[in-house]
Every structure is written in C-alpha cells, then in structure tokens.
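Data first, discussion second: the structure below is written as structure tokens.
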Amino acid sequence: MRVKVAKSKNTENYYVIKSVRQGEKTTSKVVARLGNREEIREKIGKDADVMEWAKEQAARLTRQEKERTRKVARSYDPTKLVSDKRREFLGGNVFIERIMRELGVPKLCRSIASKTKITYDLWPIVSALAAARVLEPGSKASACELAGALVEQPAIERHHVYRALDVLSGSCDLILSELYKASEKLTRRKKKVLYFDCTNFFFEIEKEDDFRKYGPSKERRPNPIVEMGMFMDADGVPLTFCMAPGNESEQLLMTPLEQKIIDDFGIDKLCVCTDAGLSSMANRRFNSQGGRHFVTATSIKKMKQDLKGWALDRAGWSVAGSKKTFRIDDVEEKVEAGSLDGKIKDMTFYKVKPVREKDKDTGEWFDQTVVVTFSFKHRDYQKSIRDAQIERARRAIAKDASRMERKGANDFRRLVKRTAVTAEGEVAKTQVYAIDEDAIAEEERYDGFYALATSFEDLDVSDLLRVNAQRWQIEECFRIMKTEFAARPVYLSREERIRAHFLTCFIALLVYRIIEKKLGDRYTCCEIIDTLRSMRFEKIEGEGWAPLYARTEITDALHAAFGFRTDYEIVPNADMRRIYRHGKNR
C-alpha cells in the first residue's frame, strides 16, 4: 500500500491506495481516506510531518492486511489432554444484535436506566435475553449461561437479570413506542391495515393468583392462564402487544390497545382485521368512527334467520369481472355438461348486502356491509375433513362406545348421537351410539360458505378478500413465539416479570421479522432460525474464530444482507471485533 496525494486549489487530500488486478489489467483502489492537510494537522500537531504520518498509516494498514490474510497452521498433540476452557461459541447473535442496535435499543436502555437508580448496564441484559430467545430458549438462568457461550460475551449477572425485568415492565409502553418508530427506518411498515388477535399461555400451577387466572385455554388445559393481545401490520411485522389476566374476555383487549396505537404511534387512519371471536359490537362500533374501519369474519350460523336465508340462498351470486349472476348449483351441472367454462368453478362467488343492526347495549342502530363468499374448493375441503371425522367416529363407536362424550366444537364426537331411551320411550338399560345423520346434513348446508362484515361501503370485494387472507400471518406470529421461541413454560411468578418476559419475546419476534424481510421473504421460519442456531465457531487462541457450520444459500443471503462475512476458514480476532464494532458505530 502507498500514499497518494490529490492536490486541489486550497489544500491536499491524502489517501492510502493499493494496486489490484482486474482481469489482465492492474488498477488502483482506495483503501482509506486519511483527510486533508488541515484535518491531519489537527490530529498530529501543526509542526508534525504530514507525509511521514501518512506513510506510517499506509504501513499500518499493510501490516493489518498481511495479518488478516496470513495462513494459520495448527498442530495437535495426541498425548495432551484438551483444555477445560470452552472452545465452541454461538455466533448467530451477531445478526440479532446488529438489528437491535439499528433499532436503537442500546440508547433506549441508557435512557431508561438514567431515570432509575440501577447501577448495572441494562443493554447487555436485553441483548442476551433476546438472543437466547432465538438461539436457545429457556429460563432466565439459562440465558445467563448462554451469554457465556456467545462469540461476544455480554457481562451480565443473574440477580441483575431478574431486577432488570422489573425495570423493563415499567417501561413497556415506552419501549414499544420507540421500537415502532425505529423500525420504520429499517423496514416498510404497511400500517393502513392492522391485524389483531389473541392467544393465551398456561402455567403449571394449581392455584390462581391476581394475574394468572383460570379461563378458556386455547390448548384446553385446566391450568391458570394469561392473555396476550397483539397487533401486526399488513407485512407480518408485529406492532405492539398487551397482557391481561386469563379470566378477562379477549374482546375487551383490542380497543384499549388500539387507542394506545392512536395516541403513542400516531396512527389514526387505519383498518383493523380480526377473526369472528373478536368482532364484538363494541369493537365494530369503535372502528367505524374517526376515519377507522374494520374487516372481520362473522359466523353465518349465528346470523338472524332472514340474513342467514339470504346468505345460504343458492341464487344471486357474482364473480369478479362478470356482470352476470349465477346459481351455484347450476354452475357445477353446466361445467360437467360442458356448457360453461370450467375455470369459473375455481373462482370465488360472492354476494354483498348492507345491513342495519341494533346494538343491544346502547340501543343505537349500526350500519355495516356483509359479504358472503362461496368456493367449490373450500366446500370440497370441508367435506373431506368431515368425511375423515365420520370414519373416525365409526371406528370409535365400534371400539369403545363408552368414550363417546363430546369434547369440543370440532371434535369428531359431535357427529355421534346418543340414544338413552327405547322406542317405547322407556329408559334403556345401555346407551346406544350411532352416527348423527341430521348433524351431518346440517353442517353440509354451510360447506363452502364464508362471511365477512365490514364498515367499508365501496371496498372492492377482491381487495376485501385479499385483506382477510393475510390474517394467517398473525397466527404465525403466535406460533413462532410458542414453538420456535418457546415462550412457555414461563419460569416466573410475579406479574411485572411475566410481562417483561413476554416483552423480550416480542422484541425477539420483531428482530426475527426484520431479518426475514432483509432476506426478501425467501426462506421459512425454521430455515432461518435453524441457520442462526447452527452458526457456531471454534475459538483458536491467539488467532481467531473458525466456523463450524456449513456454508449454505441462507448463510450467503445473511452475509449479503448485513454487509459482512463470517464464513471464511478462519475469522481473525481483529475482523471479528470489527464486525461487532461496526454494529456499535452504526
């Protein structure tokens, strides 16, 4: 490497350059800009020789490059026992930590700590808890142990971790608000449509307390639970969440959390999409005001008789791009007869009706639009599921009729009827179980039908269905949190610490989603998580870090997205420090 001086009218600019070969030609590449003459003299003094200093810098960079490119040879002694020191470390946290730094989490932690009396550093604890949730989920104690297995080991102590949970819980709203603002700079936030859903987490305890209460568990477990409500944007990136005791109705969680989004995030013109279980009249009424809208699934079975009759009427159906109306029974017959294009059978039929409904709580009239769709594919799918359940019911009846008590709305036992009296009306000595043909016929009436309610009056039906179709992503958020991140079991009992635990789970989910977006949504959750967990390194004392993972398409995509590489045969200590230091500088 050598020094190049570029002279201008008023000063001289100093660069370190080196020669590189491009094909058959040789050209020069700028390695570092040292600054102009005045800038350099401010650093080294007015009387110092600028050129001599510049040559020293060129020599230093040359030595560093030789050190980085120096080949490392290792020798092994078959008579010497291995050291008792750890040699294998996790390196996937470098990507997690880079995102957290870009979200401004270290600065946010310093701001929170400045308002409290804590004497420990909050940032390493938050970083370790989020990394542990992705790389090796477990208890807070195990997260402290995992911190010692990271390439860059944060200095944390176990008692500080538990105390930090109390601090994080008290600053939860601030953290969520700041994370949202920072995330807008890292990824596109489609905030015109928001998705809301709820889930719950059970605890292996026998006695409820003020926060962990008995309630309807999603997993049908007889344990105390806590509720979680979450908002997600239209791109699958989580927005915010809230926690509540397990005995509270999940329908009551949406409006207060949405009000926080309006107040803290500054999002007021939005459309909220939910499932049928969260579409209470109060929630619909709230999202029909102030420029807000709602799109929600609704149950045809629970509709009033006149509206249900209209929804299930086989005539009067439309399809996108056609002005004709169809009778769905005729469509199938005409397609089979060849008098109608077979492609139309693969389309979604719909009908739309404005509905005025009286609110039982307020007595006020409420306007909404009901959209009912019908799909032959959906009909056949529902029929295939029920046929399999009928077969299970037949086998169960033949095997052990005493276990035919119904367990749930979707259990195959709902298709079994019990006869407890004889034909003469007397009490039977033994109960008789058989397939309930009437229940099957009633269910068949609804095959293929699906209903939505919305406050939009002129929204295109195709757009409405597209909005509702993305609701699966919030279900995936909960699945990732429960499975890949193992948010449960929760090894905590105090309410504040339980809330802080789920805050760290939420931060890990947000970081994962941003990584997913950086990779262009090309890989599945399992592929990304497994890749991050597999990125392990062997520490070569005095030399650097040797990757123990296989280079794959995903590792290449990660390195390309983040602008650095850790998949050389050995990563010198200086380069690994530079990778982490680069994240700090950003």
Side-chain angles (χ1 to χ4, degrees), residues 1-72 94-95 97-111 114 121 123 127 151-152 178 181-188 514 518 542-545 556-568 570-586:
M1 296 183 189
R2 62 187 186 277
V3 177
K4 179 179 179 180
V5 182
K7 296 183 179 180
S8 63
K9 184 177 180 181
N10 299 319
T11 187
E12 297 175 348
N13 290 286
Y14 291 78
Y15 301 88
V16 176
I17 65 173
K18 70 174 182 178
S19 298
V20 294
R21 179 171 292 279
Q22 295 180 350
E24 298 181 355
K25 297 182 179 180
T26 301
T27 184
S28 297
K29 176 184 177 182
V30 175
V31 177
R33 179 184 180 276
L34 302 178
N36 59 39
R37 184 175 58 240
E38 290 73 19
E39 291 172 343
I40 294 173
R41 281 180 173 168
E42 286 182 6
K43 296 179 182 178
I44 65 175
K46 295 181 179 180
D47 298 331
D49 190 321
V50 174
M51 179 55 76
E52 286 299 320
W53 178 84
K55 288 181 179 179
E56 290 176 3
Q57 300 307 307
R60 179 179 60 82
L61 292 172
T62 301
R63 289 194 299 271
Q64 288 181 355
E65 183 177 58
K66 287 182 178 179
E67 181 65 23
R68 287 197 303 269
T69 58
R70 177 177 62 87
K71 293 184 178 180
V72 176
V94 64
F95 303 99
E97 185 175 314
R98 180 67 62 87
I99 295 297
M100 293 182 69
R101 289 187 181 278
E102 292 179 346
L103 286 171
V105 179
K107 181 179 178 181
L108 181 58
C109 288
R110 289 193 297 270
S111 175
S114 67
D121 192 351
W123 155 243
S127 174
V151 169
E152 186 177 76
E178 293 300 318
K181 294 174 184 176
S183 67
E184 286 193 297
K185 301 175 183 178
L186 298 185
T187 186
R188 180 179 54 180
I514 293 175
K518 276 183 170 286
E543 298 292 350
W545 304 85
D556 283 347
L558 279 167
H559 291 131
F562 283 83
F564 61 81
R565 302 200 74 92
T566 62
D567 53 357
Y568 297 109
I570 187 168
V571 182
N573 286 321
D575 284 2
M576 188 64 81
R577 286 194 298 267
R578 193 176 295 109
I579 289 171
Y580 279 94
R581 188 165 60 245
H582 178 69
K584 296 177 183 180
N585 292 340
R586 288 172 68 90

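For the single chain, residues carry numbers from 1 onward in sequence order.
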Does either side chain, that of S28 or that of R2, offer a donor lying less than 3.5 Å from an acceptor on the other one? yes
Do N13 and V5 have side chains that approach each other closer than 4.5 Å (heavy atoms only, starting at C-beta)? no
Closest heavy-atom contact between T566 and H559? OG1-NE2, 2.9 Å
Measure from NZ or CZ of K518 to the centre of the six-membered ring of F562, then state whether that distance is under 6.0 Å and the direction lies within 45° of the axis. yes
From D121 CG over to C109 SG, what is the distance, rounded to the nearest 0.5 angstrom? 7.5 Å
State, to 0.1 Å, how close I40 and G35 come at their nearest heavy-atom pair, and which atoms those are. CD1-O, 3.7 Å
I need the L186 CG to E102 CD distance, nearest 0.5 Å. 5.5 Å
Compare every heavy atom of R578 with every heavy atom of D575, then report the nearest pair and how far apart it is. OD1-NH1, 2.6 Å
Does some side-chain heavy atom of V151 sit less than 4.5 Å from a side-chain heavy atom of V94? no
Rounded to the nearest 0.5 angstrom, the CG-CH2 distance for L108 and W123 is 10.5 Å
If you count heavy atoms of other groups shown closer than 6.0 angstrom to CZ of R60, is the number above 12? yes
If we only count heavy atoms from C-beta on, is the R98 to I579 side-chain gap below 4.5 Å? yes
Before giving the answer on side-chain contact (heavy atoms from CB on, under 4.5 Å), spell out for L34 and V16 the whole-Å C-alpha distance, their side-chain angles and the decisive distance to 0.1 Å. CA-CA 7 Å; L34 302 178; V16 176; 3.7 Å; yes
Does the E42 side chain pair with the main chain of E39, one donor and one acceptor, at a distance under 3.5 Å? no
Check against side-chain contact (heavy atoms from CB on, under 4.5 Å), V31 and I17: CA-CA 5 Å; V31 177; I17 65 173; 5.7 Å; no
Nearest heavy-atom pair of E152 and E97: which atoms, and what distance? OE1-OE2, 3.5 Å
Can you tell me how far CD1 of I99 sits from OG of S183, rounded to the nearest 0.5 angstrom? 11.0 Å
In terms of side-chain geometry, is the basic nitrogen of E12 or K4 positioned less than 4.0 Å from the acidic oxygen of its partner? no
Atom CD1 in I44, atom CD in Q57: separation rounded to 0.5 Å? 9.0 Å
In short, E38 meets N10 closest at the heavy-atom pair OE2-O, 4.3 Å
Between V3 and A58, the two heavy atoms sitting closest are CG2-CB, 4.0 Å
With rounding to the nearest 0.5 angstrom, report the CD to OG distance, E178 to S111. 8.0 Å
With R110 via side-chain hydrogen bond (donor to acceptor under 3.5 Å, both in side chains) - residues at least two apart: none
Please report whether the ring centroid of F95 lies less than 6.0 Å from that of F564. yes
